[in-house]
Colleague: 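One structure coming up, written as structure tokens, with questions to follow.
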Amino acid sequence: MASSSALAPAAVREMQRDLESQANALSKIQKDISKNHEVRKQFTIQVGENELVLKELELLNDGANVYKLIGPVLVKQDLAEAKANVKKRIEYISAELKRMDRALKDLEEKQNSKKESIIRLQQKMQAVQAKG
């Protein structure tokens, strides 16, 4: 009987180490989710800005002068080329947003799985401690 009760504290310590490891992994996942939200927010702002630019470009007559800022210099650009560039930028950023959404969904699934794992481990620890 004495060996059984001596085993319980060692088992509990092992579970506590495992719990700490799982909690650290969960914390990392939560940081990744937070970072994903920040990047998504930036991309969403960029899409909005580019859509606004495209609307403004659509209002211009075909012969209108369009300039692009390259470093400290304004360079004349063809209207059709400017529209095409903005549309491509919107497509690229939208594709990045979709990629971020998929990554976020994956991270959230990992987070939920890790939380469930932690809860099971805590319940197991409580059961071992109740026996001891």
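Owing to the predicted nature of the structure, the values given are computational and were not obtained by experimental measurement.
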Colleague: Is it true that Asp106 and Arg102 have a side-chain N and a carboxylate O under 4.0 angstrom from each other?
Modeller: no
Colleague: Side-chain donor-acceptor contacts of residues 49-65 below 3.5 Å, not counting sequence neighbours, with atom names and distances?
Modeller:
| unit_1 | atom_1 | unit_2 | atom_2 | d |
| --- | --- | --- | --- | --- |
| Asn50 | OD1 | Arg89 | NH1 | 2.7 |
| Asn50 | ND2 | Gln46 | O | 2.7 |
| Asn65 | OD1 | Lys76 | NZ | 3.1 |

Colleague: Grouping I, L, V, M, F, W and Y whenever their side-chain heavy atoms are under 4.5 Å apart, do Ile90 and Phe43 come out in a common cluster?
Modeller: no
Colleague: If I take atom CG from residue Asn85 and atom CG from residue Asp78, how far apart are they, to the nearest 0.5 angstrom?
Modeller: 10.0 Å
Colleague: Would you be so kind as to tabulate the donor-acceptor pairs closer than 3.5 Å made by side chains of residues 22-41, with sequence neighbours excluded?
Modeller:
| unit_1 | atom_1 | unit_2 | atom_2 | d |
| --- | --- | --- | --- | --- |
| Gln22 | OE1 | Ser117 | OG | 2.7 |
| Gln22 | NE2 | Ser117 | OG | 3.3 |
| Asn24 | ND2 | Glu20 | O | 3.4 |
| Lys28 | NZ | Asp32 | OD2 | 3.1 |
| Asn36 | ND2 | Met100 | O | 3.1 |
| Arg40 | NE | Asp101 | OD1 | 2.5 |
| Arg40 | NH2 | Asp101 | OD1 | 2.9 |

Colleague: What residues join Leu69 in its hydrophobic cluster, counting side-chain heavy atom gaps under 4.5 Å, either direct or through other members?
Modeller: Tyr67, Leu74
Colleague: What's the spacing between Gln16 CD and Glu14 CD if we round to 0.5 Å?
Modeller: 10.5 Å
Colleague: Return yes when atom NZ of Lys124 has more than 12 non-hydrogen atoms of other residues, nucleotides or ligands closer than 6.0 Å, and no otherwise.
Modeller: no
Colleague: Please assess Leu19 against Ile118 for the test side-chain contact (heavy atoms from CB on, under 4.5 Å), listing each intermediate value before the final yes or no.
Modeller: CA-CA 6 Å; Leu19 184 62; Ile118 288 171; 3.6 Å; yes
